[in-house]
Amino acid sequence: MFVTTKEMLLDAQAGHYAVGAFNIENLEFVMAVIRAAEERRSPVILQTTPGTIKYASLDYLSAMCRVAAEAASVPVALHLDHGDSFDRSVQAMRAGYTSVMIDGSHVPFEDNVALTASVTKVAAPLDIPVEAELGKVGGKEDDGPAVEGENPYTDPDQAEEFVARTRCTSLAVGVGTAHGVYKGTPHIEQGVLRDIRGRLDIPLVLHGTSGVPDDQVAEAIANGICKVNYATELRQAFTRGFMGYMSENPANFDPKKPSKPGMDAIAEVVSSHMDNLGSSHKA
Ligand code: 13P
Ligand code: ZN
Ligand code: NA
């Protein structure tokens with residue numbers, strides 16, 4: 001069933017677990033993530049970055065995910081990940097996305113407030129949840145490697161003011177994670193997360209989770225995280241499965257054949273994270 005992230009995240013918050021949000025790149029990613037969700041009886045969020053939208057277009061992605069979601073036996077939401085402008089967020093809502101993120105974390109606080117509030121003003125009457133970001137997650141969303149150093153944490157005082165002024169319905173926080181592949185072992189500042197949790201009552205979102213040890217993620221969920229984003233690990237899994245087949249069958253030219261082990265590898269990664277997030281058997 002095709003749903004918004006609203007109930008999904010409020011249920012997760014009430015039940016002290018988190019819903020996985022998995023970045024999908026193409027049909028095979030969609031099929032593999034949905035298969036894992038059905039197998040685990042877990043709610044799930046499919047999400048796409050502006051980079052993937054540039055590659056395939058909002059209409060293609062929306063149509064594909066809607067068909068998959070409507071046929072699924074578990075709740076499925078389609079979320080715009082790292083929405084980069086007011087226009088793109090509104091376009092995503094019009095194209096059928098059931099949830100959007102507006103990422104103003106790269107502009108000054110007041111500009112982030114204004115940008116986020118402009119999106120919530122449109123989304124609220126449509127009942128579409130809006131995730132915003134305050135503080136910085138390291139690395140780049142689309143393809144980029146994690147950046148060493150610089151990882152400003154979300155300020156709890158600012159977070160309280162930000163949510164009150166923007167009326168965003170969930171908040172992505174900077175607590176030490178980074179997009180892409182980590183050079184060392186990442187460290188989530190659980191104390192910062194607890195401080196933010198103490199000031200806010202909306203669901204909190206963890207970005208850059210590929211490469212974060214499961215025990216740290218589980219602790220972050222205990223400290224208030226309700227949505228956990230994974231992108232890089234799915235890309236790695238698909239490529240590993242696909243390339244594994246091709247290296248053993250170099251003469252193959254049917255893309256369906258290497259895609260099968262690619263999808264199996266994605267489904268395995270997704271299932272294992274659903275168990276750790278606590279969303280398995282919640283649908
Ligand atoms: P990773 O690629 O590190 O999993 O980050 C995913 C993410 O935050 C998508 O918004
Ligand atoms: Zn992210
Ligand atoms: Na990461």
Side-chain angles (χ1 to χ4, degrees), residues 5 9 18-25 29 32-33 36 44-55 61 77-84 88-89 92 97 99-106 112 116 129-154 168 170-189 193 203-217 220-221 225-240 265-266 268-270 272-274 276-277:
T5 52
L9 295 184
V19 179
F22 302 97
N23 288 69
I24 57 99
E25 308 270 349
F29 278 58
V33 171
V44 71
I45 299 166
L46 305 175
Q47 59 183 17
T48 64
T49 60
T52 304
I53 290 165
K54 199 170 158 210
Y55 174 74
L61 293 165
L78 176 59
H79 176 77
L80 171 66
D81 186 32
H82 293 285
D84 50 353
R88 194 185 307 277
S89 304
Y97 279 55
S99 178
V100 297
M101 175 186 190
I102 178 69
D103 182 358
S105 65
H106 302 285
N112 190 357
T116 302
V130 177
E131 175 182 332
E133 180 168 327
L134 186 65
K136 287 207 176 74
V137 177
K140 261 193 88 210
E141 293 67 64
D142 286 318
D143 273 323
V147 177
E148 281 279 315
E150 267 191 69
N151 232 340
Y153 302 130
T154 303
C168 62
S170 64
L171 187 69
V173 291
V175 290
T177 55
H179 293 106
V181 178
Y182 291 98
K183 297 214 174 83
T185 304
H187 174 75
I188 295 180
E189 280 299 331
L193 192 49
L204 303 179
V205 182
L206 189 65
H207 281 246
T209 321
S210 289
V212 180
D214 276 351
D215 59 336
Q216 286 196 43
V217 176
I221 294 166
I225 291 291
C226 304
K227 172 176 179 273
V228 177
N229 291 1
Y230 287 100
T232 302
E233 285 186 20
L234 278 70
R235 291 173 162 192
Q236 291 169 325
F238 184 77
T239 306
R240 188 171 61 241
I266 290 180
E268 200 176 303
V269 165
V270 169
S272 131
H273 285 312
M274 285 172 165
N276 189 57
L277 302 179

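FYI, side chains are in, hydrogens and waters are out, and symmetry mates aren't considered; it's all heavy atoms of this structure. Here the structure is a predicted model, which means the values were calculated and not measured. Whatever order the structure lists ligands and atoms in, that order sets their numbers, starting from 1. This chain uses plain numbering: 1 for the first residue, then up along the sequence.
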Asks: I'd like to know if the side chain of T209 reaches the main chain of N229, judged simply by a donor and an acceptor atom lying under 3.5 Å from each other, with no hydrogens or angles considered.
Replies: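 Indeed, once roles are kept as given, a pair shorter than 3.5 Å links the two residues.
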
Asks: Give, for atom CD1 of I24 and atom CD1 of I45, the distance between the pair rounded to the nearest 0.5 Å.
Replies: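 Interatomic distance, I24 CD1 to I45 CD1, rounded to 0.5 Å: 13.0 Å.
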
Asks: Does some side-chain heavy atom of I53 sit less than 4.5 Å from a side-chain heavy atom of R88?
Replies: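 In contact.
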
Asks: Checking N276 side chain against D214 main chain: does a donor-acceptor pair fall under 3.5 Å?
Replies: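 It does hold such a pair.
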
Asks: Of all the atoms in P186, is at least one N, O or S atom closer to the Na ion (ligand 3) than 3.0 Å?
Replies: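 False for P186.
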
Asks: Among T5, D81, V100, find the one that has a side chain to side chain contact (heavy atoms under 4.5 Å, CB included) with Q47.
Replies: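 Per the side chain to side chain contact (heavy atoms under 4.5 Å, CB included) rule, the option paired with Q47 is D81, out of T5, D81, V100.
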
Asks: For ligand 1, which atoms sit closer than 4.0 Å to a heavy atom of A231?
Replies: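 Near A231, the atoms of ligand 1 are 1 (P), 2 (O), 4 (O), 6 (C).
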
Asks: Taking N, O or S atoms only and a limit of 3.0 Å, check whether A178 reaches the Na ion (ligand 3).
Replies: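 Checking the Na ion (ligand 3) against A178, an N, O or S atom does fall under 3.0 Å.
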
Asks: Going by the atom numbers of ligand 1, which of them fall below 4.0 Å from some non-hydrogen atom of Y230?
Replies: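 So the answer, numbered in order with elements, is 4 (O).
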
Asks: Which part of T232 is near ligand 1, with near meaning a heavy atom under 4.0 Å away: side chain, backbone, both or neither?
Replies: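 The answer is both.
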
Asks: Might you point out which heavy atoms bring I266 and L234 nearest each other, and give the distance in Å?
Replies: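 Here I266 and L234 meet closest at CG1-O, 3.7 Å.
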
Asks: Would you confirm whether S105, through its side chain, and K136, through its main-chain N or O, come within 3.5 Å as a donor-acceptor pair?
Replies: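 Not at all, since once roles are kept as given, no pair shorter than 3.5 Å links the two residues.
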
Asks: Taking only heavy atoms of H207 into account, list the atoms of ligand 1 that are under 4.0 Å away from them.
Replies: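 Contacts of ligand 1 toward H207, numbered from 1: 8 (O), 10 (O).
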
Asks: Kindly report the ND1-the Zn ion (ligand 2)-NE2 angle for H207 and H82 respectively, rounded to 10°.
Replies: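 Computed angle, vertex at the Zn ion (ligand 2), rounded to 10 degrees: 90°.
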
Asks: I'd like to know: is the Na ion (ligand 3) within the 3.0 Å range of an N/O/S atom from G180, strictly under that distance?
Replies: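 Here the distance criterion (N, O or S atom, under 3.0 Å) is met by G180, so yes.
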
Asks: Does T209 bring an N, O or S atom to within less than 3.0 Å of the Na ion (ligand 3)?
Replies: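 T209 does not place any N, O or S atom closer than 3.0 Å to the Na ion (ligand 3).
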
Asks: With a heavy-atom distance limit of 4.0 Å, tell me whether T49 approaches ligand 1 through its side chain, its backbone, both, or neither.
Replies: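 Neither part.
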
Asks: For A178 and ligand 1, answer yes if some heavy atom of the residue is under 4.0 Å from a ligand atom, otherwise no.
Replies: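 Per 4.0 Å heavy-atom rule, A178 contacts ligand 1.
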
Asks: Give the atoms of ligand 1, by number and element, whose distance to some non-hydrogen atom of H179 is under 4.0 Å.
Replies: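 Within the 4.0 Å cut-off of H179, ligand 1 contributes 3 (O), 5 (O), 6 (C), 7 (C), 8 (O), 10 (O).
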
Asks: Backbone N or O of E233 within a donor-acceptor pair of the S210 side chain at under 3.5 Å?
Replies: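 Flag set: sc S210 to bb E233 pair under 3.5 Å.
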
Asks: For H82 and H179, take the angle between the two ring planes, folded into 0 to 90°, and tell me which bin it lands in: parallel under 30, tilted 30 to 60, perpendicular over 60.
Replies: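 Rings of H82 and H179: perpendicular, as their planes differ by over 60°.
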
Asks: With respect to E233, determine whether any N or O atom, backbone or side chain, lies less than 3.5 Å from an N or O atom of ligand 1.
Replies: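 No; every N/O pair is 3.5 Å or more apart.
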
Asks: Closer than 4.0 Å to some heavy atom of G208 - which atoms of ligand 1 meet that?
Replies: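 Going through ligand 1 atom by atom, the ones under 4.0 Å from G208 are 1 (P), 3 (O), 5 (O), 6 (C), 7 (C), 8 (O).
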
Asks: What distance do R235 atom CZ and N23 atom CG have between them, rounded to the nearest 0.5 Å?
Replies: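 Reported to 0.5 Å precision, the distance equals 7.5 Å.
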
Asks: To the nearest 0.5 Å, what is the distance between CG (L277) and OH (Y230)?
Replies: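 Here the interatomic distance stands at 5.5 Å.
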
Asks: In terms of atom number and element, which parts of ligand 1 are under 4.0 angstrom from non-hydrogen atoms of N23?
Replies: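 Near N23, meaning under 4.0 Å from one of its heavy atoms, ligand 1 has 9 (C).
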
Asks: Please identify which atoms of ligand 1 are closer than 4.0 Å to at least one heavy atom of H82.
Replies: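 Result: 10 (O).
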
Asks: Say whether N229, considering both its backbone and side-chain N or O atoms, lies within less than 3.5 Å of an N or O atom on ligand 1.
Replies: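 Checking ligand 1 against N229, an N or O pair does fall under 3.5 Å apart.
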
